Amino acid sequence: MPELPPPITVVGIGADGWPGLSTTGRAALRAAEVVVGGPRQLDLLPQDEVAAERVPWPSPLRPAVPGLLAAHADRRVAVLASGDPMFYGIGRTLAETVGAGRLRVLPHPSSVSHACARLGWPLESTEVVSLVGRPLDTLALALNPGRRLLVLSADATTPAAVAALLTARGYGAARLRVLEQLGGPAERRLDGTADDWPHPPGDPLNVIAVDLGDGPRSPLVPGLPDAAYESDGQLTKRHVRAATLAVLAPSPGELLWDVGGGSGSIAVEWLRAHRDCQAVSIERDPVRAERIARNAAALGVPRLRVVTSPAPAALSELPTPDAVFIGGGLTATGLLDSCWAALRPGGRIVANTVTLESEALLTEWYRRHGGELVKLAVAHAVPVGGFTGWRQAMPVTQWSAVKPNTPQENAS
């Protein structure tokens, strides 16, 4: 059998540097032939203790990992990570690159553990939002009255940016505490409120503790008010949207195709269901596509991918979906066939329409593939002179089905 490459040791290190490392961590670094890490982390190692070659991570980091590890495949490699390598750290990337079996991970207390210890906050009930390599609008999804958040900063400018976002979102009175260099000799705390943040940029190694206090609610269940969306009228309305998401049934890690995105509401609320959900919104109109992106950012899910191209042509290059929603363009030649063919076995498809022509098409697909064919009708109470009556919205025909795990013959 070929000799296996040596394991890669991943050593968590804090702001307290070498003195804060365990005996095991120090021994691993002393034994290494190559130590890889960020420049700040590498500078924490004393020259007289660690004789290994020091290799700083290139930028961008993730694409460079396979090549860098391959270049040192026959040597004893140690990788430095901030705090706990498996908590928003390099450990995940390394496990995905070389496999968890090749890693030996030696964690250090994370900045979140240090922060909760300083604040007296229970770790299990404190929400953590990372803005490292993520858009600032990611924070918006976590905003709700009375919540406590720990925000992992991208750099020294993040606290002021967070304060500005909170103020713009109605949380100007939120209390902010910026905790710098946690666990190290230069540890420092800065206090203030979002609408009157007085501090210039400080240390780039910081965590922001946020006590939100009072502010606007942001419900997490499907069916946000229609007014939450910027729209030109191409919007799946609130009650139909809630029913549609219930049938699509998002689950962590699953990918949705939102075909004919309109205002993007189905994809947005799919993503809001869980932070690991993924979605692609396909919209041929560039103006609407830009609007979808704005809605996604405003509602805390800027990770929504928007493809500006007509379907079904745009679908061939997309990853396999776990669920497909078709909100427009049903009569486009080959659209339903393409979506059904792309859907993974066991995946869900849902199509909505208000036209007779598309309803006839959905009825035929119901005959061929089964599933459910329903009509959703919503009426709103409106003034009628001095009285009140019902105003009926256009009824929506909805076909939904689960793709079989084994091929089936079409019904004749």
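Numbers for residues simply follow the sequence, beginning at 1. Below, each value reflects all heavy atoms present in this structure, side chains not excepted, and no hydrogens, waters or symmetry copies. Just so we're clear, the structure is a prediction, and the values are computed from it rather than from any experiment.
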**Q** Under the 3.5 angstrom rule, does the side chain of T167 hit a backbone N or O of A194 as a donor-acceptor pair?
**A**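 Yes: the side chain of T167 pairs with the backbone of A194.
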**Q** How close do G38 and Q41 get, heavy atom to heavy atom, and via which atoms?
**A**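 Closest pair (atom of G38, atom of Q41, distance): N-OE1, 2.9 Å.
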**Q** May I have all residue pairs that pass salt bridge (charged side-chain N to carboxylate O under 4.0 Å, His left out) and include part of residues 306-326, sequence neighbours excluded?
**A**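 Found D322-R344.
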**Q** To the nearest 0.5 Å, what is the distance between CZ (R217) and CG (N144)?
**A**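 Going from CZ on R217 over to CG on N144, the span is 6.5 Å.
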**Q** Run the salt bridge (Lys or Arg N to Asp or Glu O under 4.0 Å) test against E230 and tell me which residues pass, sequence neighbours left out.
**A**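 Salt bridge (Lys or Arg N to Asp or Glu O under 4.0 Å) list for E230, sorted by chain: R291, R294.
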**Q** What distance separates L68 CG from W57 CH2, expressed to the nearest 0.5 Å?
**A**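 Spacing of CG (L68) from CH2 (W57) equals 5.5 Å.
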**Q** Around R92, counting heavy atoms of other residues, nucleotides and ligands shown, do more than 12 lie under 6.0 Å from its CZ?
**A**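 No.
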**Q** Please tell me whether N295 and S263 have a donor and an acceptor in their side chains that are separated by less than 3.5 angstrom.
**A**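 No, no side-chain donor-acceptor pair sits under 3.5 Å.
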**Q** Measure across W197 and A160 and return the closest heavy-atom pair with its distance rounded to 0.1 Å.
**A**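 Nearest pair, atom of W197 first, then A160: CD1-CA, 4.1 Å.
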**Q** Check whether any side-chain N or O of H108 sits under 3.5 Å from a backbone N or O of S82 as a donor-acceptor pair, and report yes or no.
**A**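 Pair absent, no side-chain N/O of H108 close to backbone of S82.
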**Q** For the CZ atom of R118 and the OG atom of S113, what is their distance to the nearest 0.5 Å?
**A**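 So the gap between those two atoms works out to 10.5 Å.
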**Q** Whether the N352 and T236 side chains hold a donor-acceptor pair (N or O, under 3.5 Å, no angle test) is what I'd like checked.
**A**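 Side chains of N352 and T236: no pair found under 3.5 Å.
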**Q** Between E187 and L182, is there a donor-acceptor pair closer than 3.5 Å when you use the side chain of the first and the backbone of the second?
**A**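 Absent.
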**Q** Hey, what do you get for CG (L150) to SG (C116), rounding to the nearest 0.5 Å?
**A**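 Between atom CG of L150 and atom SG of C116 there are 5.0 Å.
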**Q** Working note: D43 + R54, criterion salt bridge (charged side-chain N to carboxylate O under 4.0 Å, His left out); need CA distance, chi angles, decisive distance, verdict.
**A** CA-CA 10 Å; D43 287 344; R54 302 177 187 219; 6.0 Å; no
**Q** R189 side chain to L179 main-chain N or O, any donor-acceptor pair under 3.5 Å?
**A**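 Checked: no pair found.
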**Q** Could you tell me whether R272 and E269 make a salt bridge, using a distance below 4.0 angstrom between a side-chain N and a carboxylate O?
**A**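 Looking at R272 and E269, the cut-off is not met.
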**Q** Is the closest side-chain donor-acceptor distance between E359 and T397 under 3.5 Å?
**A**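 Per modelled atom types, E359 and T397 side chains form a pair under 3.5 Å.
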**Q** Please assess L21 against L29 for the test side-chain contact (heavy atoms from CB on, under 4.5 Å), listing each intermediate value before the final yes or no.
**A** CA-CA 10 Å; L21 290 176; L29 292 168; 3.6 Å; yes
**Q** To check you understand the geometry: which heavy-atom pair defines the closest contact between I266 and F325, and what is its length?
**A**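 For I266 and F325, the tightest heavy-atom pair comes out as CG1-CE2, 3.5 Å.
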**Q** Hey, can you tell me if W365 and W340 have their rings parallel, tilted or perpendicular (30° and 60° cut-offs)?
**A**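 It falls in the perpendicular class, over 60°.
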**Q** Hey, does V207 have a side-chain heavy atom less than 4.5 Å from the side chain of V112?
**A**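 Of all side-chain heavy-atom pairs linking V207 with V112, none is under 4.5 Å.
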**Q** Is Y171 reaching over with its side chain to a backbone N or O of D211, donor-acceptor style, under 3.5 angstrom?
**A**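 No, because the side chain of Y171 does not come within donor-acceptor range (under 3.5 Å) of the backbone of D211.
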**Q** How long is the gap from CZ on R40 to CG on L205, to the nearest 0.5 Å?
**A**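 Those atoms lie 4.5 Å apart.
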**Q** Can you confirm whether E33 is buried at CD, in the sense that more than 12 heavy atoms of other residues, nucleotides or ligands lie under 6.0 Å from that atom?
**A**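 It does: E33 CD has more than 12 such atoms within range.
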**Q** Keeping the roles fixed (side chain from S231, backbone from G233), state whether a donor-acceptor pair exists under 3.5 Å.
**A**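 Pair found, side chain donor or acceptor close to backbone of G233.
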**Q** Can any side-chain N or O of S251 pair as donor or acceptor with the backbone N or O of E254 at less than 3.5 Å?
**A**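 Flag not set: sc S251 to bb E254 has no pair under 3.5 Å.
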**Q** For the backbone of Q278 and the side chain of W270, can you confirm whether one donor and one acceptor N or O come within less than 3.5 Å of each other?
**A**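 Checking the backbone N and O of Q278 against the side chain of W270, a donor-acceptor pair under 3.5 Å is found.
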**Q** List the atom of V259, the atom of A311, and the distance in Å for their closest heavy-atom pair.
**A**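 Answer, listing the atom of V259 first, then A311: CG1-CB, 3.7 Å.
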**Q** Okay, side chain of R288, backbone of E283: is any donor-acceptor separation there less than 3.5 Å?
**A**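 Between the backbone of E283 and the side chain of R288 there is no qualifying donor-acceptor contact (under 3.5 Å).
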**Q** On a heavy-atom basis, which atom in H274 and which in R303 lie closest, and how many Å separate them?
**A**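 Shortest heavy-atom contact: O-NH2, 3.0 Å.
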**Q** Please examine the side chains of L149 and L143, heavy atoms only from C-beta on, and report whether any two atoms are closer than 4.5 Å.
**A**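 Yes, their side chains come closer than 4.5 Å.
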**Q** Keeping the roles fixed (side chain from E180, backbone from D203), state whether a donor-acceptor pair exists under 3.5 Å.
**A**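 Confirmed, E180 side chain pairs with D203 backbone.
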**Q** So that I can tick it off, tell me whether E127 and R275 are bridged by a salt bridge, with the cut-off set at under 4.0 angstrom between side-chain N and carboxylate O.
**A**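 So R275 does not pair with E127 through a salt bridge.
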**Q** Tell me the closest heavy-atom pair linking A296 and V268, and the distance in Å.
**A**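 Looks like CA-CG2, 3.9 Å.
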**Q** For the CG atom of L166 and the CG atom of L212, what is their distance to the nearest 0.5 Å?
**A**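 Answer rounded to 0.5 Å: 6.5 Å.
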